[in-house]
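Here's the structure, in structure tokens; my notes come after.
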Amino acid sequence: MTNQRSFKTRVRTRMEKTGESYTTARRHLINKATEPSPAPSPAPAAAQTERIADDLIRARTGRGWAEWFALLDATTATERTHTQIARHLVTEHDVPGWWSQTITVGYEQARGLRAPGQQRDGGFSAAASRTVAVPAARLYEAFADETARTRWLPDIEVRVRTTTAPRSFRADWAGGPTRIVVGFDAVGESKARVSVLHEKLTGAEQAAELKAYWRERLAALKALLESNGDNR
């Protein structure tokens, strides 16, 4: 009874504000109450330093995030392009190509040169990674071999651009203009890590959607390769 009285009070309040009849005011309030709630906004992209632990960076490159940032600051890296920073890490510090890109993105985000999920040129990207209990060659095959790829990534047109077995895979996505850059990194003899970067996105919303998509797809890939149903 109390709820009914409260609703009637709201109807009469609306009548006074709008001049509507009781029936019209009542109908508007009912319709408003039954409208679906708006979907929540996508979660903002995480910074590189939040996605990739300091101890992992140290294990793969010999330095942690703070040490790399200090080293790059000393070389006035904020005045360099993304490509110049990454090349410096490769040629002067022997950082593998994929990890040089990872450090460069983390540094650019930390120094305000780009937002998480955003490229230096103003574009956006989405990234996801997963460690799987198979050798790096098996992970690479899951991307590079079309039959293997469709088992966990169905109904998507992937036009391969370049590959370097078993280290990297680049391809246009769904006919373009977006593309994926995939790196494979051995973690011991029986495990490997796959890292996907989806580039040339239209904005933060698309980046958040594709980040969630890739997390889900890489989880499916992990389940497939680690299961007994992984028929080679």
Side-chain angles (χ1 to χ4, degrees), residues 48-49 51-65 68 72 81-109 119-120 125-153 156-174 176 178-201 210-211 213-215 217-226 230 232:
Q48 195 85 315
T49 53
R51 291 195 314 103
I52 302 176
D54 189 75
D55 57 354
L56 179 60
I57 283 287
R58 187 180 300 280
R60 296 292 177 267
T61 68
R63 291 181 173 87
W65 283 116
W68 281 120
L72 290 172
T81 66
H82 175 93
T83 300
Q84 289 171 336
I85 297 172
R87 185 181 297 122
H88 172 79
L89 291 171
V90 172
T91 59
E92 300 298 325
H93 301 285
D94 296 322
V95 179
W98 178 262
W99 288 102
S100 73
Q101 295 287 338
T102 298
I103 294 168
T104 300
V105 171
Y107 178 76
E108 290 169 335
Q109 292 174 352
Q119 305 288 90
R120 280 284 291 271
S125 64
S129 61
R130 178 74 64 163
T131 298
V132 185
V134 297
R138 290 289 299 119
L139 270 179
Y140 170 82
E141 179 187 346
F143 278 83
D145 182 88
E146 184 176 2
T147 300
R149 187 170 63 242
T150 57
R151 297 187 64 199
W152 65 275
L153 197 64
I156 293 292
E157 177 190 355
V158 175
R159 185 167 64 248
V160 179
R161 296 169 63 93
T162 61
T163 63
T164 302
R167 296 171 54 190
S168 65
F169 174 89
R170 295 171 180 263
D172 293 329
W173 181 259
T178 71
R179 66 189 182 194
I180 58 173
V181 180
V182 189
F184 309 93
D185 187 45
V187 183
E189 296 183 358
S190 59
K191 291 185 179 181
R193 187 175 184 84
V194 54
S195 301
V196 177
L197 180 65
H198 202 138
E199 299 179 317
K200 296 186 176 297
L201 307 182
L210 281 169
K211 184 179 183 66
Y213 171 84
W214 278 112
R215 283 178 172 175
R217 285 296 84 207
L218 292 183
L221 173 61
K222 177 181 174 70
L224 173 66
L225 294 184
E226 293 182 353
D230 173 28
R232 302 188 180 188

(message) I need the L153 CG to L221 CG distance, nearest 0.5 Å.
(response) 9.0 Å
(message) Once rounded to the nearest 0.5 Å, what's the spacing between atom OH of Y213 and atom CD1 of I156?
(response) 4.5 Å
(request) Taking side-chain hydrogen bond (donor to acceptor under 3.5 Å, both in side chains) as the test, write out the residues that go with T61, two or more places apart. (result) W68
(request) Applying side-chain contact (heavy atoms from CB on, under 4.5 Å), name anything that partners T164, two or more places apart in sequence or on another chain. (result) S168
(message) Taking atom CZ as the centre, does R193 end up with more than 12 heavy-atom neighbours from other residues, nucleotides or ligands that are less than 6.0 angstrom away?
(response) yes
(request) First locate atom CD1 of I85, then atom CD of Q101, and finally report the distance between them rounded to the nearest 0.5 Å. (result) 10.0 Å
(request) Pick out which of L225, L139, V134 makes a side chain to side chain contact (heavy atoms under 4.5 Å, CB included) with V194. (result) L139
(message) Using the side-chain hydrogen bond (donor to acceptor under 3.5 Å, both in side chains) criterion, which residues pair with T49? Sequence neighbours excluded.
(response) none
(message) Closer than 3.5 angstrom, by distance alone: can the side chain of R170 be matched with the main-chain N or O of V181 as a donor-acceptor pair?
(response) no
(message) Please give me the minimum heavy-atom distance between A142 and W152, naming the atom from each residue.
(response) O-NE1, 3.0 Å
(request) Please name all residues satisfying salt bridge (Lys or Arg N to Asp or Glu O under 4.0 Å) with E157, sequence neighbours left out, ordered by chain then number. (result) R159
(request) Calculate, to the nearest 0.5 Å, the distance between atoms OG1 and CG belonging to T131 and L218 respectively. (result) 10.5 Å
(message) For R63, give me all partners under salt bridge (Lys or Arg N to Asp or Glu O under 4.0 Å), at least two apart in sequence or on another chain.
(response) none
(message) Checking R167 now: which residues fulfil salt bridge (Lys or Arg N to Asp or Glu O under 4.0 Å) with it, not counting sequence neighbours?
(response) none
(request) State which residues pass side-chain contact (heavy atoms from CB on, under 4.5 Å) with A133; sequence neighbours excluded, sorted by chain then number. (result) K191, E226
(request) May I have the step-by-step check of side-chain contact (heavy atoms from CB on, under 4.5 Å) for F169 and I180, ending in yes or no? (result) CA-CA 8 Å; F169 174 89; I180 58 173; 4.0 Å; yes
(request) Specify the closest pair of heavy atoms between P166 and A137, including all atoms of both residues, with the distance to one decimal. (result) CB-CA, 3.9 Å
(message) Could you report the tightest heavy-atom contact between E141 and A148, atom names first, then the distance?
(response) O-CB, 3.8 Å
(message) Measuring from atom CG of D145 to atom CZ of R138, what distance do you get when rounded to the nearest 0.5 angstrom?
(response) 9.0 Å
(request) Evaluate the side-chain proximity of D185 to R60: yes if any heavy-atom separation is below 4.5 Å, no if none is. (result) yes
(message) Ring-plane angle category for H93 and H88, please: parallel below 30°, perpendicular beyond 60°, tilted otherwise.
(response) perpendicular
(request) Applying side-chain hydrogen bond (donor to acceptor under 3.5 Å, both in side chains), name anything that partners T150, two or more places apart in sequence or on another chain. (result) none
(message) How close do S100 and V95 get, counting heavy atoms only, and between which atoms?
(response) N-CG1, 3.4 Å
(message) The criterion is side-chain contact (heavy atoms from CB on, under 4.5 Å); which residues satisfy it with R179, sequence neighbours excluded?
(response) R161, D172, E199, K200
(request) Can you run down the salt bridge (charged side-chain N to carboxylate O under 4.0 Å, His left out) pairs that involve residues 83-103, sequence neighbours left out, and say none if there aren't any? (result) none
(request) With sequence neighbours left out, write down each residue that passes side-chain hydrogen bond (donor to acceptor under 3.5 Å, both in side chains) with T178, or none if nothing qualifies. (result) H198
(request) Please list, chain by chain and in numerical order, all residues satisfying side-chain contact (heavy atoms from CB on, under 4.5 Å) with T102, sequence neighbours excluded. (result) Q48, I52, I57, W65, W98, W99
